[in-house]
Amino acid sequence: MGPLQIVLGTLCVLLLVVATAMATLAVRKMLAVIKTGQPDSSRSGPVGTRLKTLAVESLGHTRMLKWSAIGAAHWFVMVGFYGLFLTLVEAFGEVFHPEFHLPLIGNWGVWNLFVDLIGLGTVLGIVYLIIRRQQDHPRRTGRNGRFTGSNQGRGYFVEAVVLVIGLCILSIRAAKIASGIDDAPSWSHPVSTALSNLFPDNADLVSVIAFVKIVVSLAWLIVISRTLTMGVAWHRFSAFFNIYFKREAAGAPALGPLQPMTSGGKPIDFEDPDEDAVFGRGKIEDFTWKGMLDFTTCTECGRCQSQCPAWNTGKPLSPKMVVMDLRDHLYAKAPYLVGARTVGDGKGEDAGGESTMQPEQPSAEQTWYSGFSRIQGTNDAQAERPLVGTLEEGGVIDPDVLWSCTSCGACVEQCPVDIEHVDHIMDMRRFQVLIESNFPSEAGVMLRNLENRGNPWGVGGSAREDWMKDLDFPVRKVEGEIDDDVEYLFWVGCAGAIDDRAKKVTKAVAELLHMAGVEFAVLGSGETCSGDPARRMGNEFVFQQLAMENVETLNTVFEGREPGRRKIVATCPHCFNSLNREYPQVGGDYDVVHHTQLLGQLIEEGRLTPVTPIDRKVTYHDPCFLGRHNKVYTPPREILDSVKGLRTQEMHRCKDRGFCCGAGGARMWMEEKIGSRINVNRTEEALELNPDVISTACPFCITMLSDAVTSKQQKGEASEHVEVLDVSQILLRSMAGVGTPGTGSGPGVGTEPDDPAGAGSPLTEH
């Protein structure tokens, strides 16, 4: 150990003391802030299941690998960070003694081979990620890039640190080999051996490189300790906790049912709420500790943003920037939350003893759609700013951001660290609706109709039975308890009973069930809205009212029936989701299937056999609440595959990356005033495939896609013969005899009297 080693080693030890002290203080501050959140006891267990989920998601990188090459590159960087931590320990010995190696495993061939290969993977992985960041940089992609709105400087810093450390790991070993002081088996360091030709025979160089590795590592730790909002760095620690405490212990994303409204960690009793109950999230401290952990963990990778239908059609909502805004506000307000400061004490930046709201204009890069930069620093204005408010009001989240969400769940599905964007957005909506009475005016009509008439359209209850009139067989209606020979209660839903286009689907499903010999019955005028539009709008009170009314009705219907025989089939994915996954929250447990699941089962059992070939090209659109929210992707496709002659082609955005129609999140009843129309965007993607039919399995999707197709046809941008049909309608056509209109192909479909569908096609020649 020479003078060089003594100086470098001493500096490293001093830096270690400083970095450790700062990191410890930072973690304590972060925990203190997160603990100010509302309690949430649903995240504690089962421990074994959660640990399994954590291991699968972390080691298997299951969420990241949805992005193939990016996921693989990130896996090597992650494994390098944790798996090669001992090389940092080893570097402290090497800075004092170049020939130093770890006790026990330092000369073990397997360990050295692991370090060599993972070190190389880390370097190549981070180089690839750096290139991808530049390819997706806003200066190249503009608004369409997933890094738009991210803190690029922080990303560069973290990437540079990883690259330098990875190079140092390989270089230390290469310098040892070049100096002849490496005792590991030669086969265990192929990469370092190749690099050793670039290094001189000088052991001091080992100490210098080890010093660089230590300084860069500890400098990184010091920087992030000073910046608690640097999610791109802190997620290396917090992501494990965020995954472990995710909403669904078994690993599913936080989709499907919305969580019941809670206050103080307990569900709110809407019949007799506590006087001090907090309805939704009106301040940053109203979020649970898990919500605050979500905000802290965001990596700003932009995967959520790249998949968001609102963002991709020019609207202000970016799920990423919502979380970033909430995070920045949380930590700026932190001194007030933990009690270190109070409003008016004069301690805050720019405080001056008074609370004044002086919003700042966003920078050109962040533009008007981002809430951060309106108020900066820790001050009284930051402490008192509204959670939801306009630029002039100094709001953290702009109202247009909040109401642009379709609750499609694309953000939650793609987030690699399991942030629960939709739950947070819906909780903020709940406060705006229930406490502030502040929501888009046109949605107020829908809410009033739900309260007064039990459906969003406001029609009378008798209209729910009109769809039965054209059927050539009677439909059984349930009054009181359901007959024992009835297998399924057919939940028609508001759209299926009232909307003309959806009524065709209802009749098609009823005819198919009748053909298959399935005994079913309906509630008719006794049915009311499932409450989904109210809940996604934020009016939990109306949802609870409707849900409990329906549960009372359904419990009466199924009285005496054991689980497994309380069967319901629904055509609307929103009703399907509510009845199946949300009604258990209010005492309703039923065996609910979507009509595509039941029809697929009937085909598999041979009770429905498509006989007439349909010579058409079809592309299928995944409804968000059937696909992403409930993972029903296969049954609709299997039904289409069972129809002879049908040619299917997937859109680029399909299945878990499917693009929303724009109707979810109660957007069906709100005007789309900003950017382009989501349904038009989706329809244009479908029309690029030149289909004869755009198929789906949701009444809302049928409405949105039909409107867009009609608009395109009026402008001459779509063929007149293009139809939007439910999967059940296509199946019903295939059950009809050859020559039935609706199964042909070409521009004359549906208009030419001499083109009876199915006839004339070589597929129908027997």
Side-chain angles (χ1 to χ4, degrees), residues 138 141-151 281 284 295 298 300-329 359-375 385-412 414-415 419 421-429 431-433 436 438-443 536-538 659-682:
T141 60
R143 198 177 193 276
N144 295 327
R146 63 188 180 94
F147 289 114
T148 298
S150 298
N151 293 290
R281 316 298 181 206
I284 195 68
F295 309 152
C298 179
E300 303 180 23
C301 67
R303 285 170 179 77
C304 57
Q305 179 174 290
S306 70
Q307 302 296 298
C308 178
W311 180 260
N312 278 283
T313 52
K315 295 169 182 60
L317 169 62
S318 159
K320 175 187 70 178
M321 283 188 267
V322 165
V323 173
M324 290 170 60
D325 291 350
L326 293 171
R327 177 198 64 198
D328 292 348
H329 174 56
E360 299 179 6
Q361 290 291 333
S363 68
E365 184 178 89
Q366 290 153 348
T367 68
W368 67 274
Y369 49 72
S370 174
F372 61 77
S373 280
R374 294 175 176 183
I375 297 176
R385 66 191 297 201
L387 192 66
V388 177
T390 63
L391 177 67
E392 293 72 25
E393 295 167 337
V396 180
I397 304 297
D398 194 282
D400 286 331
V401 169
L402 190 66
W403 297 110
S404 292
C405 180
T406 66
S407 70
C408 71
C411 49
V412 179
Q414 294 299 328
C415 181
I419 292 171
H421 313 74
V422 173
D423 285 353
H424 301 321
I425 289 173
M426 293 301 147
D427 277 338
M428 288 188 283
R429 281 189 176 188
F431 184 85
Q432 292 302 304
V433 173
E436 298 291 334
N438 186 11
F439 50 87
S441 57
E442 60 270 23
R536 266 65 196 176
M537 184 72 196
F659 198 72
C660 183
C661 74
R667 290 293 320 173
M668 180 87 168
W669 290 274
M670 288 183 257
E671 290 297 326
E672 205 166 345
K673 301 174 182 177
I674 304 174
S676 60
R677 300 187 70 86
I678 295 174
N679 62 330
V680 172
N681 184 294
R682 182 55 163 170

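Here, residue 1 is the first one in the sequence, and each next residue gets the next number.
When the salt bridge (charged side-chain N to carboxylate O under 4.0 Å, His left out) test is applied to Arg303, no partner is found at least two apart in sequence or on another chain. With sequence neighbours left out, Asn312 forms a side-chain hydrogen bond (donor to acceptor under 3.5 Å, both in side chains) with no residue at all. Considering only residues two or more places apart in sequence or on other chains, Phe295 meets the ring pair (Phe, Tyr, Trp, His ring centres under 6.0 Å) condition with Phe287, His424. Listed by chain and number, the residues in a side-chain hydrogen bond (donor to acceptor under 3.5 Å, both in side chains) with His421 amount to none (sequence neighbours excluded). Under the side-chain hydrogen bond (donor to acceptor under 3.5 Å, both in side chains) criterion, Gln414 pairs with Trp67, sequence neighbours left out.
The minimum heavy-atom distance between Met537 and Val433, with the atom names listed, is O-CG2, 3.5 Å. Gly145 approaches Gln305 most closely through the heavy-atom pair O-NE2, 3.0 Å. Closest non-hydrogen pair, Leu402 versus Ile425, comes out as CD1-O, 3.6 Å. When all heavy atoms are compared, the tightest approach of Leu391 to Asp398 is N-OD2, 4.1 Å. Of all non-hydrogen atoms in Pro440 and Met670, the two that sit nearest each other are CG-SD, 3.5 Å. A pairwise comparison of heavy atoms in Thr390 and Pro399 identifies N-CD, 3.8 Å as the closest pair.
Between Glu436 and Val388 there is no side-chain heavy-atom pair separated by less than 4.5 Å. A heavy-atom distance below 4.5 Å is found between the side chains of Lys320 and Cys304. Taking 4.5 Å as the limit, every side-chain heavy atom of Met321 sits out of range of all side-chain heavy atoms of Pro316. Within the 4.5 Å cutoff, the side chain of Asp325 has no heavy atoms near those of the Val401 side chain. Contact check for Arg146 versus Cys301: side-chain heavy atoms found under the 4.5 Å cut-off. For the pair Pro309/Asn681, no side-chain contact is recorded, criterion being any heavy-atom separation below 4.5 Å from C-beta on.
Within the 3.5 Å criterion, the main-chain N or O of Trp311 finds a donor-acceptor partner in the side chain of Arg143. With hydrogens and angles ignored, the 3.5 Å screen pairs a side-chain donor or acceptor of Glu300 with a backbone N or O of Asn151. A donor-acceptor contact shorter than 3.5 Å links the side chain of Arg429 to the backbone of Gly665. Listed for the Arg281 side chain is no donor-acceptor partner under 3.5 Å among the backbone atoms of Asp427. Within the 3.5 Å criterion, the main-chain N or O of Gly142 finds a donor-acceptor partner in the side chain of Thr148.
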Do Cys405 and Met426 pass the side chain to side chain contact (heavy atoms under 4.5 Å, CB included) test, and can you show the C-alpha distance, the side-chain angles, and the key distance before you say yes or no?
CA-CA 9 Å; Cys405 180; Met426 293 301 147; 4.2 Å; yes
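We find the CD1-CE distance between Ile284 and Met428 to be 8.0 Å, quoted to the nearest 0.5 Å. Between atom OG of residue Ser150 and atom CE of residue Met324 there is a gap of 5.5 Å, rounded to the nearest 0.5 Å.
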Under 3.5 Å, which donor-acceptor pairs link side chains of residues 671-679 to any protein atom two or more places apart or in another chain?
residue, atom, partner, partner atom, Å
Glu672, OE2, Lys315, NZ, 2.9
Glu672, OE2, Ile678, N, 2.7
Asn679, ND2, Met704, O, 2.9

